[in-house]
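Notes follow once the structure below has been shown.
The figures here come from the full heavy-atom set of this structure, side chains too, leaving out hydrogens, waters and symmetry mates. Here, residue 1 is the first one in the sequence, and each next residue gets the next number.
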Amino acid sequence: MNKVFLTTPLLITSLLVACESADETPNAAETNEATVSQKEAPKEEEVSQDKLNEELKREATAIDFVAANTGEVSENERVKLEGEISVLSPEGLRGGDFTLTTTEGDGYGMYNVINMNTVEIPIQEGDAVTVYGVFNGKDSMGLPEVTAIVIE
């Protein structure tokens, strides 16, 4: 009778351990579904980034230097600038930041542009570009600053 009492707990314990091990092991269908999901994820991200870029371009407001310099443009506002790259920082610094010079009425405006464009395009001093991004206020030198998300 002692043998029955001793073997019963051992038998129950080994059955519980076996059941837990079976529950933790993913079956082949679950593993395949996870792999397929991981492969499809980049396509969804690319599509959504393109949609976000198009939305930014639709909602961006053209700004002028006087408004940006006097605080009439709100920080984090979606903006659009058209101008010429006048000073290009070394490429190693945040993706090639630059100073954008714009012609506005009878004068010129200068903006510091932080290049966060996800598409690699070669940019050089003297290039005419359109920048879509977010207004950051003024930089440490007092220039209006824009974080560029799309550069064309």
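Rounding to the nearest 0.5 angstrom, the gap separating the CG atom in L100 from the CG atom in N115 is 11.5 Å. Atom-to-atom distance recorded for T103:OG1 and D106:CG is 11.0 Å, nearest 0.5 angstrom. Between I151 atom CD1 and I85 atom CD1 the span is 7.0 Å, to the nearest 0.5 Å.
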Enumerate donor-acceptor pairs with a distance under 3.5 Å from any side-chain N or O in residues 123-134 to protein atoms, sequence neighbours excluded.
unit_1, atom_1, unit_2, atom_2, d
E125, OE2, L88, N, 3.3
D127, OD2, Q124, N, 2.8

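Residues passing the side chain to side chain donor-acceptor pair (under 3.5 Å) test with T101 are S86, sequence neighbours excluded. For E82, the salt bridge (charged side-chain N to carboxylate O under 4.0 Å, His left out) partners at least two apart in sequence or on another chain are K80. The side chain to side chain donor-acceptor pair (under 3.5 Å) check on S140 picks up nothing, with sequence neighbours excluded. Residues meeting the side chain to side chain donor-acceptor pair (under 3.5 Å) test with T147, sequence neighbours left out: N136. Contacts of Y111 classified as ring pair (Phe, Tyr, Trp, His ring centres under 6.0 Å), with partners at least two apart in sequence or in another chain: F65. Take S74 and apply the side-chain contact (heavy atoms from CB on, under 4.5 Å) test, not counting sequence neighbours, and it matches E77.
Listed by first then second residue, pairs satisfying salt bridge (charged side-chain N to carboxylate O under 4.0 Å, His left out) with a partner in residues 55-69 read E54-K57, E55-R78, K57-E152, E59-R78, not counting sequence neighbours.
Applying the under-4.5 Å side-chain rule to Ile, Leu, Val, Met, Phe, Trp and Tyr, the cluster around L143 extends to M110.
Residues V79 and T61 fail the side-chain proximity criterion, which asks for heavy atoms closer than 4.5 Å.
Between F135 and P144, the shortest heavy-atom distance links the atoms CE1-CB, 3.8 Å.
N112 contributes no side-chain N or O that, together with a main-chain N or O of T99, makes up a donor-acceptor pair within less than 3.5 Å.
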